[in-house]
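Being a predicted model, the structure only gives us computed values, none of them experimental. Here is how names work: the chains are called A, B, and so on, in the same order as the sequence lines, proteins then strands, and each is numbered from 1.
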Number of protein chains: 2
Amino acid sequence: MAHKVVNIFFTEWYNILKITQMNEMTIETLAKKRGRPVAFDYETALEKAMHVFWQHGYEGASMSTLMSAMNMNKASIYAAYGSKEALFKKALERYVQGPASFLAASLAQPTAVAVVQLMLSQAAQMLADQSHPVGCLVTQGALACSAESAEIKTLLGGYRQTLERQLAQRFARAVSEQDLVATADPVILAKLVMTVHQGMAVQAASGATQAELFNVATMATQCIAQVYTLKASA
Amino acid sequence: MAHKVVNIFFTEWYNILKITQMNEMTIETLAKKRGRPVAFDYETALEKAMHVFWQHGYEGASMSTLMSAMNMNKASIYAAYGSKEALFKKALERYVQGPASFLAASLAQPTAVAVVQLMLSQAAQMLADQSHPVGCLVTQGALACSAESAEIKTLLGGYRQTLERQLAQRFARAVSEQDLVATADPVILAKLVMTVHQGMAVQAASGATQAELFNVATMATQCIAQVYTLKASA
DNA sequence: ATTATTAAATACCAATCGGTAAACAAATAC
DNA sequence: GTATTTGTTTACCGATTGGTATTTAATAAT
């Protein structure tokens, strides 16, 4: 009796820990799951799915392509991730916090020019990196997305708008810190930088190399620095 | 006998004229076509198809969407234009020589900055014009195009590359004319301008207004002008 | 009026789309 | 060993994809 209670306790504890994303292996030794064990790695398969969406966009990624890339049966995918839409959302989250995390991280740079320089140069490196699909999952999804999947479009648009707003706030701070000239419009400047970034994503998807994109990023950064900076920078 | 010969002559003449795009109405009074008359206007329907491809991309534009937009039966579309791919090529040609003709036309401006300024400001106006689908058909098709339709991808990439090369040549001329500073790299500068344009296309597809894009275009042009121009411009 | 010619409309094709119900397999609990 | 729980597999669902063969309709020539 006491044994059963303990087991139930461990099982529930296990589920809670699973939800809170803690390490499962340390727990499985305490409370083993009952049914047939899973034959795939959740995160590895999600990574594969991210790559498929990255390359083909949301609608362009067919279930059969996802199946073969994730090395999973269709029904298993649905059982594990819910639906194609839910799978995309999880893949997007992984993308934003993984390969695209440099975008938000760039905001922490001490000067506005350093923000732009880091953001665009890292974008050049990442967007044309041959070790994964070229281009940007968010930009890809923004265009390759018809009206029927409006929720995905809204999701992607929201991510872009959030980043653009954060960038504008960062530039506004730079103006108040006399890092940028007072005549610089933070909102327009943020939209310009985002525009260059999205254009670079298109270029990358069209086959531009890392070197080419880096040259574009450098030139864009120098232009902005020379026109809107008070103090001379590197 | 002689009458029949004359009629055959007119019929063949009519077909030749049709191929060479001359005015059909003036000929139809001379040699009427025999069978059931066509119930649609070739150019009007093509314009509608262009709008569909513009909005949805090549693969995103389904035949049923094209049918209802062109107000034509599917079989009629195939009879008139050949295939979906052929229809897209015709629509692309119409787009390049119509709504996107300002791009090539901008190259004729007297100075490099005037080229950039006209190109980007017209792009701002055109890309967010609500009287037709927003964004750029070429950019849209570049991203929303999977590997299976490689020919379309190549076609669109070729158009972009041609324009970029022409732009680089124009900037090279500007350097030789001492219109741009000698340190300006025409190839990179051309790629930067194309990148901004493509980024603006993404922004437009995401809902940016004409005013917002115009601000971005103006800021980008001013940056380039201030950094790479010898003589002071407006 | 009949025939020839041309175009439009209907119906259909195999293939694929996203998604699911039912059968099968592998593990633990008892 | 049997029951239970869970995951995988197979087969299937209706809808839609691009594309076509066949039938029907509308005109000119005879």
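We find that CD1 of A:Ile77 is positioned 13 Å from C1' of D:dT9, with the value rounded to whole Å. Put simply, CG on B:Leu87 is 11 Å from P on D:dG18, counting in whole angstrom units. For B:Met70 and C:dA7, the CE to C1' distance is 15 Å, given to the nearest whole Å. Rounded to an integer number of Å, the gap from B:Met67 CE to D:dT16 P is 13 Å. For B:Asn73 and C:dA11, the CG to C1' distance is 11 Å, given to the nearest whole Å.
Contacts of A:Glu164 classified as salt bridge (charged side-chain N to carboxylate O under 4.0 Å, His left out), with partners at least two apart in sequence or in another chain: A:Lys191. Residues satisfying the side-chain contact (heavy atoms from CB on, under 4.5 Å) test with A:Ala104, not counting sequence neighbours, are none.
Remark: side-chain polar atoms of A:Ser149 are not paired, donor with acceptor, to backbone N or O of A:Ile152 under 3.5 angstrom. Between the side chain of B:His56 and the backbone N or O of B:Val52 there is at least one donor-acceptor pair closer than 3.5 Å. No side-chain donor-acceptor contact under 3.5 Å links A:Lys84 to the backbone of A:Ser62.
Minimum heavy-atom separation, B:Pro133 to B:His51: CG-O, 3.4 Å.
Atom NZ of B:Lys48 has 12 or fewer neighbouring heavy atoms from other residues, nucleotides or ligands inside a 6.0 Å radius.
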Can you give me every donor-acceptor pair (side chain of residues 121-130 of chain B, partner residue at least two apart or in another chain, under 3.5 Å) with its distance?
unit_1, atom_1, unit_2, atom_2, d
B:Ser121, OG, B:Gln117, O, 2.7
B:Ser121, OG, B:Leu118, O, 3.2
B:Asp129, OD1, B:Ser131, N, 2.9
B:Asp129, OD1, B:Ser131, OG, 3.0
B:Asp129, OD2, B:Ser131, OG, 3.3

Pairs under 3.5 Å (N/O, protein and nucleotides 21-25 of chain D):
unit_1, atom_1, unit_2, atom_2, d
D:dA25, O4', B:Arg36, NH1, 3.4
D:dA25, N3, B:Arg36, NH1, 3.4

Hey, what are the protein-to-nucleotides 16-19 of chain C N/O distances that come in under 3.5 Å?
unit_1, atom_1, unit_2, atom_2, d
C:dC17, OP1, A:Ser62, OG, 3.2
C:dC17, OP2, A:Ser64, OG, 3.1
C:dG18, OP1, A:Ala61, O, 3.3
C:dG18, OP1, A:Lys84, NZ, 2.7
C:dG18, OP2, A:Met63, N, 2.7
C:dG19, OP2, A:Tyr78, OH, 2.2
C:dG19, OP2, A:Lys84, N, 3.4
C:dG19, O5', A:Tyr78, OH, 3.0
C:dG19, N7, A:Lys74, NZ, 3.2
C:dG19, O6, A:Lys74, NZ, 2.5

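The side chain of B:Ser76 contributes an N or O atom lying less than 4.0 Å from OP1 or OP2 of C:dA8.
Relative to the side chain of B:Arg34, the nucleotides D:dA28, C:dA26, C:dA7 differ in distance, and D:dA28 lies closest.
For residues 90-109 of chain B, the side-chain hydrogen bond (donor to acceptor under 3.5 Å, both in side chains) pairs, not counting sequence neighbours, are B:Glu43-B:Arg94, B:Glu47-B:Arg94.
Ranked by how close their nearest DNA chain C nucleotide is to the 5' end, B:Met72 and A:Gly82 are led by B:Met72.
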